[in-house]
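Heavy atoms only: backbone and side chains are in, while hydrogens, waters and symmetry mates are out. We name chains A, B, ... by the order of the sequence lines, and we start the count at 1 in each one.
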Amino acid sequence: MFFEPGEIPSIVFEIAQWMIALSILLTFIRILKGPSGLDRIVALDLLSAIILVQCVLFAIESKLPLYLDIAFVIAVIGFISTVAFTQFLKHRHD
Amino acid sequence: MISTIIASSLVLLGSFFVLLASIGVLKMPDFYSRLHTATKAGAFGSALVLLGYLFIEPSLRVIIQSVLIIGFFYLTAPVAAHAMARIAMGDKMPMWKRSESDQKTTKPSPSDTKD
């Protein structure tokens, strides 16, 4: 292409992986603590975005563009499950 | 050399935004602000990481897929957020005590409570 492809040093990759792990932990705390079911759905929606980012980091690390398809499937399933959850929790006063 | 700098900075910035999103989800006082941070920062963080990947492997396949994922995420994140907020408003989810809102005074419209 118009410029030579770059290469991520492993230290950058480590920091990104640690950030993703920390954000997964924080989202789990919200899932456990969430007072109502809807808070848990928000956390699960964010979790699907985090796993999508993790998948792209895998694609970078392993130089396999296959993981981008997985990331797309995760995005689709995350969206559909979020909307399905909202219909499930309709008018449930928990 | 320049594309490694761009790629690594984009990846770091993207994962930092995802971290911000999860911190926001944990710290925000009520449901609506949590929803606000989760969908917005989550979508933006993953878009940045995808752009970072674009600079690492600029083949045609990666360009098409990352644009597809970013477009899909930016189209569907607001819809999901709207669905969640609508259900929360329907269930009259309590707001944060210090947030002024006109919902308290107006009765929810009848279309909200219809099953």
Side-chain angles (χ1 to χ4, degrees), chain A residues 1-9 11-13 15-20 22-30 33-36 38-39 41-43 45-50 52-53 56-57 59-60 63 65 68-69 71-72 75-76 78-80 82-83 85-87 89-94, chain B residues 1-9 11-12 14-16 18-23 25-27 31 34-35 37-39 41-43 45-46 48-50 52-53 55-63 65-66 68-69 72-73 76-77 79-81 83-84 86-88 90-93 113 115:
Chain A
M1 293 291 285
F2 37 89
F3 57 88
E4 89 289 349
E7 175 53 47
I8 280 206
I11 185 65
V12 168
F13 202 70
I15 298 173
Q17 292 280 20
W18 275 108
M19 278 198 212
I20 299 292
L22 190 58
S23 58
I24 287 180
L25 182 69
L26 295 179
T27 316
F28 262 10
I29 292 175
R30 171 50 63 189
K33 207 173 73 168
S36 74
L38 278 168
D39 297 305
I41 298 179
V42 171
D45 188 35
L46 179 60
L47 202 60
S48 74
I50 293 173
L52 186 140
V53 169
V56 176
L57 288 181
I60 297 175
K63 297 215 181 1
L68 275 184
D69 308 331
F72 184 63
V76 170
F79 164 64
I80 291 178
T82 304
V83 176
F85 260 127
T86 52
Q87 298 312 318
L89 270 184
K90 209 172 185 180
H91 300 306
R92 297 279 179 91
H93 296 286
D94 45 12
Chain B
M1 186 51 200
I2 186 67
S3 59
T4 51
I5 295 173
I6 297 176
S8 45
S9 59
V11 165
L12 276 182
S15 50
F16 176 65
V18 169
L19 184 61
L20 271 185
S22 50
I23 291 175
V25 160
L26 196 58
K27 263 183 68 62
F31 165 76
R34 273 180 220 133
L35 174 70
T37 57
T39 44
S46 45
L48 281 183
V49 174
L50 277 162
Y53 185 44
F55 278 92
I56 290 173
E57 196 180 325
S59 67
L60 187 59
R61 169 193 167 122
V62 171
I63 288 177
Q65 276 187 330
S66 53
L68 196 66
I69 293 179
F72 177 81
F73 220 93
T76 53
V79 175
M84 285 189 266
R86 188 175 170 73
I87 300 297
D91 287 350
K92 284 187 259 313
M93 174 81 73
T113 53
D115 246 340

Heavy-atom proximity to chain B below 4.5 Å, by part of Ile29(A) = both
How long is the span from the CG atom in Leu26(A) to the CG atom in Leu26(B), to the nearest 0.5 Å?
-> 5.5 Å
Between Val42(A) and Met84(B), is any pair of side-chain heavy atoms under 4.5 Å apart?
-> yes
When rounded to the nearest 0.5 Å, the distance separating CD1 of Ile20(A) from OG of Ser22(B) is 8.5 Å
Ala38(B) and Leu46(A) have their tightest heavy-atom pair at O-CD1, 3.8 Å
With sequence neighbours left out, write down each residue that passes side chain to side chain donor-acceptor pair (under 3.5 Å) with Asp45(A), or none if nothing qualifies.
-> Thr82(A)
When the 4.5 angstrom heavy-atom criterion is applied to Ile6(B) and chain A, the contacting part is neither
Which distance, rounded to the nearest 0.5 Å, do you find between the OG1 of Thr86(A) and the CZ of Arg86(B)?
-> 10.5 Å
Has Phe79(A) got more than 12 heavy atoms of other residues, nucleotides or ligands less than 6.0 Å from its CZ?
-> yes
How long is the span from the CG atom in Leu68(A) to the CG atom in Leu50(B), to the nearest 0.5 Å?
-> 6.5 Å
Residues, nucleotides or ligands: over 12 heavy atoms within 6.0 Å of Phe13(A) CZ = yes
In terms of heavy-atom proximity below 4.5 Å to chain A, should Phe31(B) be classed as side chain, backbone, both, or neither?
-> both
Shortest non-hydrogen contact from Tyr53(B) to Ala59(A)?
-> OH-O, 3.8 Å
Specify which of Gly45(B), Ala80(B), Gly52(B) makes the most heavy-atom pairs with chain A at under 4.5 Å.
-> Ala80(B)
Quick one: closest heavy-atom pair of Ala16(A) and Val11(B), and the distance?
-> CB-CG1, 4.0 Å
Can you measure from CG (Leu38(A)) to CD1 (Ile87(B)) and round to the nearest 0.5 angstrom?
-> 7.5 Å
Donor-acceptor contact below 3.5 Å, side chain Arg34(B) vs main chain Asp39(A) | no
Pick from Ile50(A), Val12(A), Ile60(A) with the largest number of heavy-atom pairs that fall under 4.5 Å of chain B = Ile60(A)
For Arg30(A), check side chain to side chain donor-acceptor pair (under 3.5 Å) against everything at least two apart and list the hits.
-> none
About how many Å separate CD1 of Ile24(A) and CG of Leu19(B), when rounded to the nearest 0.5 Å?
-> 11.0 Å
In terms of heavy-atom proximity below 4.5 Å to chain B, should Leu52(A) be classed as side chain, backbone, both, or neither?
-> side chain
Neighbour count above 12 (heavy atom, 6.0 Å) for Phe28(A) CZ | no
